[in-house]
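Note sheet for the following structure.
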Amino acid sequence: MASAFTQSRPFAASSSNQPTDSTSRQAPTSKPVSVDLPALQNASRILLEQFTKDAQIIPDLGETLTASGSQVSSSYSIFPDDIRVPFQKRKFVGIPDGLFQYYDSVNVTSHMGLLVEIERVWISIDHKLFLWDYNDGQEIASFMDQPDVITHVALVKPKQGLFIDEITSLLVICTPVTVLLIGVAHENKVGMDGRTKKDIKLYATDLSIATEIEMASVVGTADGRIFMCGQQDGNLYEFHYQAKESWFGKRVQLVNHSVGGVQSLLPRFAASGTDERIVDIVSDHKRNCFYTLTSRNTISMYTPSGDKTIQHVQTLSSLYKAAQEKAPGSPALTPQTFQIINIHVIDPSQSREGVQLMAITTNGVRLFFAPSLSYGYSFNSSSATSSLRPLAMIHVRLPPLNLIHPDEQAKVYRPTSSSYGAPSIHSQPTSRPYICTSLDGSCYADGLTVASQPGDVDGTDYTLCLAPDLTRIGNIGQLNLPPQQPQQSPFNTSYNQYNNTGATNRPPLTEYATLITIPGRTWAMAAIEKKPVEVPAGTPAPTVINELASEFSEFPNQFMLLTNVGLTFLMKRRAVDYLKAVLEELQSEGNVQPIIEFRDRQVPLRLKPTRFLTVNPFDASRSGTISSVSPEIAAVAKQAFYDFGERPIWTERVMYGTAENKGVTMFSGRREGFALYFARLVRPFWKAKLTVLSPLGTQVLNASETTLINVQKNLYALKEFLARNPHLFHSSPSEPTSTRSLVTEQEAWKAEQSSVSELQSLLARTIEALSFVLLLNDYQLGDLISKCEPDVQKLILEQTFEDLITSQHGMTISRALVNVVIDQQIGQQISVDTISEVLQHRCGSFCSTDDVMLYKAKENIRKAAETRNPAERQKYLAESLRLFTKGAKILEFEKLREVIGDFQQLDYAKGRYLLLPCVVNLPLTCAQVQDIDNGGLEYWRTGLTTKEPRQELAVHRQQCYELILDSLTVFEDKCSKTQPAGVPALDDPETVRTHAYELAFASEDEMFHSVLYDWLIGRNLADDLLEMRPPFLEAHLKREPATVQKFQLLWQFYVKNGQPLRAAEVLGALAESTQFDLHLEARLEYLTLAVANAKSHPISAGGRHETAIAFLTDLEERLDVAQVQLEVYNTLLPHVDDDPTVGERINLLSKQLFTLNDLYQKFAVPFDLPAIKLLCLHVSGHSDDTVSRAIWSQIYSEILQETENPNDQADLILQRFVPLGQRFYPSECAFPLRHITTLLVQFLLENRQILPAGWAARVLVQCGVRFSEIWDLLNEMYESHVPPFNEQSNVQITSSEIAVLITDWLQEATRPQASVLRAEFPAGRVDAAIDQYLAELQPNRVETKTLYENAKRLLRKYW
């Protein structure tokens, strides 16, 4: 493949006007230029405007015939000099000598004709048929396998499926007694001179039929049917053939459609009785019909229908009368001269008005026919399946009456002039007018008509040549035309009544007309087939007759005239051919008058320079070949281009209501010529799709390489011309009439130079684009595209050449294709320097220096992988990293991923350590330089999720970071594997991994750190991360989205960082958070940890002691409430399945923290939980005796309701009161002691017969109430005399309670390690009280008395 690059059509480095190498594709570029897409797009719009102008500037044939509403026209442009005649004889090829001898003999019968499709002349000499290759000049094929004199030969298409595939045509050979078919196979071959020629082979078909009528005028249809007319009877026949004979028909039949098919099967006894015979048949393939012409000027139209049947559509008769009605009084229309000699089909593409047929008479009158409007014909339809409509004569074109005799034409008369400014109006000598009266053959193609008649001298014919005068019928300016003297000679005045030009803006048809002498007597004439350049969809197409738009991309129109001495080739001269002729005359004779006339007549004022710019026309013989022009002529053309180019004009437009004035520039003719020439060169492909799908499903180039190469050559010549003449678009000194005019002139030149600069940029870019496309095609474009990403492949299929050159999509696909080419060549061990040199040499803007830098970097990776020298490996890796880093801005992510993969694959025993900067630092660099304004970073910092341009930058950063993480994973995996002995310490996997992490943590990219932290946490390395405490960890853990894991790591981070108070704040926030689904027990745990950390806060830390105390208090209160909530939850949990609604409310307790008020109001009260109510009162410290007493009364009442047995009731009171008392005493909020004592004493009084003395006092003691408080309450009851203590029995029971209480109190006080200190015992008070109790004790209370007395003894003993 190395040779493929070096030998692939190199470009010459010459700076001459044209590339010297015929196969060159582009000139070298000095250095890659930046691509200014807006400028390219502006220039492309200029080209599109030119496309539209070309499509509109010249009307089509139908529009010229119907212009001004006239149905007759006779305007002609006739010039006396040979330079301006519309046709010229290009060459003459004589009949080969051997054939000429036979042809000249008086003893043979000879006929001849043209077979243009296979590029042959047929010549019959008696029964021998010769096919002469007129391109070769001497090659002759012959057919002599039949005995009869050959009178007519035609070439038609075969029916499908009846012959072998090689047979593409059939020769129909007619003799007076037979008609037979010969198969013809032809193929194109390139000769030694590089020209394409057609090789033919003849095949016998055994298809022939005997006939008593000699056949002539044979035509074929698109589906293979063959029609002809009888020479003697003038009937219409069909030569029908089929594969096999059947009951219903013979294999070969001659069907007479004039009198019915049956007659052709019967013996012929008499000829037709009418004098009106068919003399000519013409086939219209695109409309699927054919026309016949009779000897009495009648035209009929038929369409093939079923097998061996045709349908008659219409017969046009009385044509002379119809022509007279349209051109009354015309001397050209007389019964004696009105004889139609030929009819010609007009292609649907030539007329939007539907002109379909043209007939020409012996004196040159042309009749044009189109479908009648009354039948609703669709003028725009060109489909073969369109319904045929009857025709009507729409226009009569009268012949020229002032033709210059060919003998006079050669006597050129032109007064000389010494300067451009000389008058162009002059008198000319009179000459005898010539009128055609005996035309006997004609040909029509693309608006051009050629007809011949015998000349004044034996052995010569005069050929009438007619062509549209585009300067008269087009909308091109309209220019400063000279007076109509050349066109309106004295011999043309009789037609002035028909030249009506005032009805519409569109001028009527005007044609060039001339007579040319050709040697010999004309037998046949035909237009040389040329393949028009297809206009891509979406591009305005110029009309067929607008040769100005196609003169640089198509062959000129040519006609062949076959005479008895040879073949004469006539070429239609185009404007560029006229220009070349006048320039040559100016150069050789020094006469400037021709160029002045050319300026004034051939082109509009502002498009004159276009012609001079295009002084390098295509050679007539080969499309696309730049003909050589002498330097002297080129210099004259260049000077004319400049002199006639005028100046740009600035036209201001006042914007009312504002101080600002805006203007419009009318560009100079030089700029218009540049744009127009550029547009006409690129029109064949500009809007065409770059590729199309082949039958195999691969994409192939959607343009001919030959076309692209030829266009590129012309574009390069244009570029070189502009480069050598930079002054063409710069202002020249002038004398402004005022300061204002100077300003406007400067504005105009500024706008012109800006536009030209954009066009020049597009020109250079287009040349490189064509080189790029051709280079890709050299390397199998379809294969290259198939290696691209699917979305790129789809994008390529959608792009046009214009898109490739001017759009961002074009840059995307070009870079993708360059990458594929480079990768393919690198894979074949070809140096990147070699590849990049080729790419930058041919298409620098499609392969930038940055691209080359990346390719070289990749090549260094390959070299590092291949070398075994550690020093070289280090050098290659360092250079690769340097180049990649330098080109990081344009390194696409997919390419970056591939590069990192290549680095990872360098798994050798030595040198792993050297890889780390490549796999870690390179992605970081790409992430940063491709987000140069940190838009992606800011997007990430704000935590947005909406779609906006910055989101793509953030995503790209993320992708780059993931490449680093992937490399770290690779290093981690290598650490887990057993390593072979002898690995250097520097390349030890553990060492490599450690250094990789050091590089990663050394980055200052906060977003990368965040991604890295998430990755480490996901790999259960959070503890290691906390130990390292890297700089961005705290910010990362605080960043949204918050997670439980982040909170947990954050408080641990603060603990390890010596910030327990911040840890407590995080734990408190986590416990209170509603965004996480945490269980109540977890929240309680976080609050507990928060309290613990808050208590660990040093008093002097940061001077926040008071704040810390307040925060701790708040935490403790929240912890207490959370504990209450847990108790509520555990209390209600057994009822979670009782009811869905109830269960939902209970589950809420496990999902979030409630306030104490919510717990009381939403749970304790609705679920009637007395103990929880007391707990809420206790925790809140809310003192409300009414509430607390009500709760205890409720508890007491519930016990009494549960059972009626006093003992059971006493047990229940003990079970419920004691735990609550132990929990809440001495809180008056939750344990109202006085009220509880009253309840207990009340129960005791009510059950005095069952309960023992001291029961109430001892219950209170078990609740944890101090003895002294119980004694004070009981003593108060004893002395109150308030009911129920106004009854002596109740007082005595109370006294017994007091006795038991004092006894228990004394025992506790005197017990070793007693909870009641002896010194705190109120011995005096108690002793005095006992005396009172004894004094008031009833005699029957013996037990109580004994208790008192024992108490007094203990008092005396210990106190």
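- The nearest pair of heavy atoms linking Thr178 to Thr175 is OG1-OG1, 2.6 Å.
- Put simply, the side chain of Phe130 does not reach to within 4.5 Å of the side chain of Ile95, judged on heavy atoms.
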Using the side chain to side chain contact (heavy atoms under 4.5 Å, CB included) rule, take Leu129 and Trp122 through it: C-alpha gap first, then chi angles, then the decisive distance, then the call. CA-CA 7 Å; Leu129 176 65; Trp122 69 267; 4.0 Å; yes
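- For the pair Leu391/Gln356, a side-chain contact is recorded, criterion being any heavy-atom separation below 4.5 Å from C-beta on.
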Could you check Lys157 against Glu117 for salt bridge (charged side-chain N to carboxylate O under 4.0 Å, His left out), going step by step and ending with a plain yes or no? CA-CA 11 Å; Lys157 290 185 177 181; Glu117 297 84 352; over 6 Å; no
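- Using a 30° and 60° split on the angle between ring planes, Phe239 and Tyr241 fall in the tilted class, from 30° to 60°.
- In this structure, the side chain of Asn342 engages the main chain of Ser442 through a donor-acceptor pair within 3.5 Å.
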For side-chain hydrogen bond (donor to acceptor under 3.5 Å, both in side chains), just list the numbers for Glu214 and Thr151, CA-CA rounded to whole Å, side-chain angles, deciding distance to a tenth of an Å, and then say yes or no. CA-CA 8 Å; Glu214 180 182 336; Thr151 57; 3.2 Å; yes
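- Leu155 pairs with exactly one of Leu171, Val218, Ile182 by the side chain to side chain contact (heavy atoms under 4.5 Å, CB included) rule, that one being Leu171.
- For the pair Ser283 (side chain) and Gly220 (backbone), a donor-acceptor distance under 3.5 Å is present.
- Side chain of Ser330 to backbone of Ala327: no donor-acceptor contact under 3.5 angstrom is found.
- Panel note: side chain Thr563, backbone Val565; a donor-acceptor pair is recorded below 3.5 Å.
- Paired with Leu464 under the rule side chain to side chain contact (heavy atoms under 4.5 Å, CB included), one option of Leu515, Ile360, Ile516, Thr514 passes, and it is Leu515.
- Using a 4.5 Å cut-off on side-chain heavy atoms (C-beta onward), His344 and Leu357 make no contact.
- The shortest heavy-atom contact between Pro399 and Ala332 is CD-CB, 3.6 Å.
- Leu367 has its side chain out of reach of Met358: every pair of non-hydrogen atoms, C-beta onward, lies at least 4.5 Å apart.
- More than 12 non-hydrogen atoms from other residues, nucleotides or ligands lie less than 6.0 angstrom from CG of Asp307.
- In Asn188, the CG atom is crowded: over 12 heavy atoms of neighbouring residues, nucleotides or ligands sit closer than 6.0 Å.
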Give the intermediate values and the outcome of side-chain hydrogen bond (donor to acceptor under 3.5 Å, both in side chains) for residues His285 and Thr221. CA-CA 6 Å; His285 289 178; Thr221 63; over 6 Å; no
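- Looking only at distances, a side-chain donor or acceptor of Ser124 sits under 3.5 Å from a matching main-chain atom of Ile150.
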Could you go through His257 and Glu238, starting from their C-alpha distance and side-chain angles, then the distance that decides it, and tell me whether this counts as side-chain hydrogen bond (donor to acceptor under 3.5 Å, both in side chains)? CA-CA 7 Å; His257 289 294; Glu238 179 180 1; 2.8 Å; yes
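- Contact check for Asn363 versus Cys436: no side-chain heavy atoms found under the 4.5 Å cut-off.
- Formation of a donor-acceptor pair under 3.5 Å by the Arg251 side chain with backbone atoms of Ala243 is found in this model.
- With a 4.5 Å cut-off on side-chain heavy atoms, Asp347 and Lys286 count as touching.
- Atom CG of Leu439 and atom OG1 of Thr337 lie 11.0 Å apart (nearest 0.5 Å).
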Any chance you could lay out the side chain to side chain contact (heavy atoms under 4.5 Å, CB included) test for Thr361 and Arg366, step after step, and finish with the verdict? CA-CA 7 Å; Thr361 68; Arg366 283 168 289 164; over 6 Å; no
Where do Gln88 and Arg573 land on the side-chain hydrogen bond (donor to acceptor under 3.5 Å, both in side chains) test, with the steps shown first? CA-CA 7 Å; Gln88 68 181 16; Arg573 303 180 73 203; 3.3 Å; yes
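- Contact check for Leu254 versus Ile213: no side-chain heavy atoms found under the 4.5 Å cut-off.
- Under a cutoff of 6.0 Å and an axis angle of 45°, Arg397 and Tyr76 form a cation-pi pair.
- The structure places CG of Asn297 at 11.0 Å from CD1 of Ile343, a figure rounded to the nearest 0.5 Å.
- In this model, a donor atom of one side chain and an acceptor atom of the other lie less than 3.5 Å apart for Lys308 and Gln253.
- With respect to the salt-bridge test (charged N to carboxylate O, under 4.0 angstrom), the residues Lys198 and Glu187 do not qualify.
- The closest donor-acceptor contact from the side chain of Asp461 to the backbone of Thr522 lies under 3.5 Å.
- One N or O on the side chain of Ser258 and one on the backbone of Leu236 form a donor-acceptor pair closer than 3.5 Å.
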Take Ile394 and Phe369 through the test side chain to side chain contact (heavy atoms under 4.5 Å, CB included) and record every step on the way to the result. CA-CA 6 Å; Ile394 64 166; Phe369 301 88; over 6 Å; no
Step by step, would you call His240 with Val252 a side chain to side chain contact (heavy atoms under 4.5 Å, CB included)? CA-CA 6 Å; His240 175 77; Val252 180; over 6 Å; no
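- When every heavy atom of Val156 is checked against every heavy atom of Val219, the shortest pair comes out as CG1-C, 3.8 Å.
- For Asp223 and Lys159, the salt-bridge test fails: no basic side-chain N is under 4.0 Å from an acidic carboxylate O.
- Contact check for Val116 versus Met560: side-chain heavy atoms found under the 4.5 Å cut-off.
- In this structure, the separation between OG on Ser217 and CD1 on Ile278 is 9.0 Å, given to the nearest 0.5 Å.
- Looking only at atom types and distance, the side chain of Gln311 has no donor-acceptor partner in the side chain of Thr303 under 3.5 Å away.
- With Gln453 contributing its side chain and Ser438 its backbone, the two residues share a donor-acceptor pair below 3.5 Å.
- Here the CG atom belonging to Leu316 is positioned 11.0 Å from the CG atom belonging to Leu293, to the nearest 0.5 angstrom.
- Aromatic rings from Tyr462 and His405 are positioned such that their centres are separated by under 6.0 Å.
- Side-chain atoms of Tyr444 come within 3.5 Å of backbone N or O of Gly447 as a donor-acceptor pair.
- The shortest non-hydrogen separation linking Asn288 to Pro304 is O-CD, 3.6 Å.
- To the nearest 0.5 Å, atom CG of residue Asp126 and atom CG of residue Asp148 are 11.0 Å apart.
- Taking the centre and axis of the six-membered ring of Phe569, the NZ or CZ atom of Lys91 falls inside the cone set by 45° and 6.0 Å.
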Worked check of salt bridge (charged side-chain N to carboxylate O under 4.0 Å, His left out) between Glu139 and Lys197: CA-CA 11 Å; Glu139 183 177 332; Lys197 57 181 294 186; 3.1 Å; yes
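- Taking CD1 of Ile545 as the reference point, atom CD of Gln350 lies at 8.5 Å (rounded to 0.5 Å).
- Using a 4.0 Å cut-off between charged nitrogen and carboxylate oxygen, Lys530 and Glu554 count as a salt-bridge pair.
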